[in-house]
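Structure record follows, encoded as structure tokens.
None of the values given here were measured: they were computed from a predicted structure.
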Amino acid sequence: MDKNNLRNLSNTDNLGNSDMSLSAAPPFSRACENNKHAILEVLKIELISFKHVLEIGSGTGQHSVYFAPQLPKITWQTSDLVANHWAINAWHDAHPAANLYAPLPLDLAVDPLPISLSSNRPYDAVFTANTLHIIAWSLVEKLFESVGNALPIDGKLLIYGPFNESGHYTSEGNHRFDDMLRQQNPSSGIRHKEDVIELADQHHLVLFATHAMPASNQLLIFKKR
């Protein structure tokens, strides 16, 4: 449970939307800081033969500035609602990397997935962290539809976050976290892993691997078939 990563619970119908002022200091996510090491170890394995990654819902931008220099053979493209770009750009300015790309505008409700700016081709992998339990289920459906349409065969979708299993919370902490999410916005909430797998299958995305993560989180790897 990354309980510090409550990005914009005031408007969860849009991925990563934010009320942060342009004059404010760039936000810091303790959750990103805590989970980045464990996530990176999986990315090094799962993305070993990949070249162009699109991150959906880059949030503060902290993950991108940590992952990109550690994965120098991959171009790392950030994306989010325009309202969050100032924060991502601030982190990029402070921690530049040659393979790190400035955020693209992406609203799951209306936008198709972009193509790679570096190759002019579809991205061969998509990464998203702590988004499915924040955005409305209708946008989760849009995410899988867009990724399923955009990824090439054998492309990967990597999703980090908490998930329920067999209709149950995987920890008491996740139960409390889910209650907090739903109190903030009824459209939010920890998703059932089985529902996510079924949705993925509808868009030719098959669960390829599941990696246990700290704090009762998981990193799900889907492959396009």
For residues 183-202, which residue pairs pass the ring-ring contact (aromatic ring centres under 6.0 Å, His included) check, not counting sequence neighbours? none

Gly61 and Ser64: which non-hydrogen atoms are nearest, and at how many Å? O-OG, 2.7 Å

Shortest non-hydrogen contact between Val42 and Met213, atoms and distance: CG2-CE, 3.5 Å

Begin from the C-alpha positions of Leu106 and Leu81 and carry the test side-chain contact (heavy atoms from CB on, under 4.5 Å) through to its verdict. CA-CA 5 Å; Leu106 181 60; Leu81 294 180; over 6 Å; no

Hey, any chance Trp137 and Tyr169 share a hydrophobic cluster, counting ILVMFWY side chains that come within less than 4.5 Å of each other, even indirectly? no

Among residues two or more places apart or on two chains, list those pairs meeting ring-ring contact (aromatic ring centres under 6.0 Å, His included) that have a residue in residues 199-225. Phe144-Phe222

Ion pair check, Glu33 and Arg30, cut-off under 4.0 Å: no

When rounded to the nearest 0.5 angstrom, what distance separates CZ in Arg176 from CE in Met180? 9.5 Å

Working for side-chain contact (heavy atoms from CB on, under 4.5 Å), residues Leu158 and Thr128: CA-CA 6 Å; Leu158 303 90; Thr128 189; over 6 Å; no

Connected via hydrophobic side-chain network under 4.5 Å: Leu157 and Ile197: yes

Mind jotting down which residue pairs meet the ring-ring contact (aromatic ring centres under 6.0 Å, His included) criterion with at least one end in residues 44-63? Sequence neighbours excluded, please. His63-Phe67

Leu143 side, atom CG; Leu132 side, atom CG - distance, nearest 0.5 Å: 6.5 Å

Sorted by first residue and then second, give each ring-ring contact (aromatic ring centres under 6.0 Å, His included) pair with at least one member in residues 92-111; sequence neighbours left out. Trp91-His95

Pairs meeting criterion salt bridge (Lys or Arg N to Asp or Glu O under 4.0 Å) with involvement of residues 197-225, two or more places apart: Asp154-Arg225

Under the 3.5 angstrom rule, does the side chain of Asn130 hit a backbone N or O of Gly161 as a donor-acceptor pair? no

Going by atom types only, do Ser58 and Glu55 share a side-chain donor-acceptor pair under 3.5 Å? yes

Can you establish whether the number of heavy atoms outside Ile48 located under 6.0 Å from its atom CD1 is more than 12? no

If you define the side chain from C-beta out and look only at heavy atoms, does anything of Leu199 sit under 4.5 Å from Gln202? yes

Any side-chain heavy atom of Cys32 sitting closer than 4.5 Å to one from Tyr66? no

From Asp111 CG over to Ser79 OG, what is the distance, rounded to the nearest 0.5 angstrom? 9.5 Å

I'd like to check Ser116 versus Gln77 (side-chain heavy atoms, cut-off strictly below 4.5 Å). Are they in contact? no

Before you tell me yes or no, could you show the steps for Leu113 and Leu54 under side-chain contact (heavy atoms from CB on, under 4.5 Å), namely the whole-Å CA-CA distance, both residues' side-chain angles and the distance that decides it to 0.1 Å? CA-CA 9 Å; Leu113 259 61; Leu54 172 67; 3.8 Å; yes

If you take all heavy atoms of Trp76 and Ala68, which pair is closest and at what distance? CB-CB, 4.1 Å

Under a 4.5 Å cut-off applied to non-hydrogen side-chain atoms, are Val65 and Ile88 in contact? no

Supply the atom-to-atom distance Asn217 CG to Ile39 CD1, rounded to the nearest 0.5 angstrom. 8.0 Å

Enumerate the residue pairs fulfilling salt bridge (Lys or Arg N to Asp or Glu O under 4.0 Å) with a member in residues 179-196, sequence neighbours excluded, ordered by first and then second residue. Glu165-Lys193, Asp178-Arg182

Heavy-atom pair with the smallest gap, counting every atom of Pro103 and Asn89: CD-OD1, 3.1 Å

Side-chain donor/acceptor of Ser187 to backbone N/O of Ala136, under 3.5 Å: no

Measuring only between side-chain heavy atoms, which start at C-beta, is Leu207 closer than 4.5 Å to Thr210? yes

OG of Ser216 to CD of Glu172, rounded to nearest 0.5 Å, is 10.5 Å

Trace of the side-chain contact (heavy atoms from CB on, under 4.5 Å) decision for Val147 with Ile56: CA-CA 10 Å; Val147 173; Ile56 295 180; 4.2 Å; yes

hydrophobic_cluster_shared for Leu47 and Leu40, side chain cutoff 4.5 Å: yes

Going from OG on Ser171 to CD1 on Ile190, what distance comes out if it is rounded to the nearest 0.5 angstrom? 7.0 Å

Note: Leu205 and Leu151 closest approach over all heavy atoms is CD2-CD1, 4.0 Å

Apply ring-ring contact (aromatic ring centres under 6.0 Å, His included) to Phe163 and His133, showing your working. CA-CA 8 Å; Phe163 296 93; His133 58 275; 8.3 Å; no

Contact summary for Pro27 and Thr60, nearest pair of heavy atoms: CG-CG2, 3.7 Å

So Asp124 and Lys51, do their side chains get closer than 4.5 Å, heavy atoms only? yes

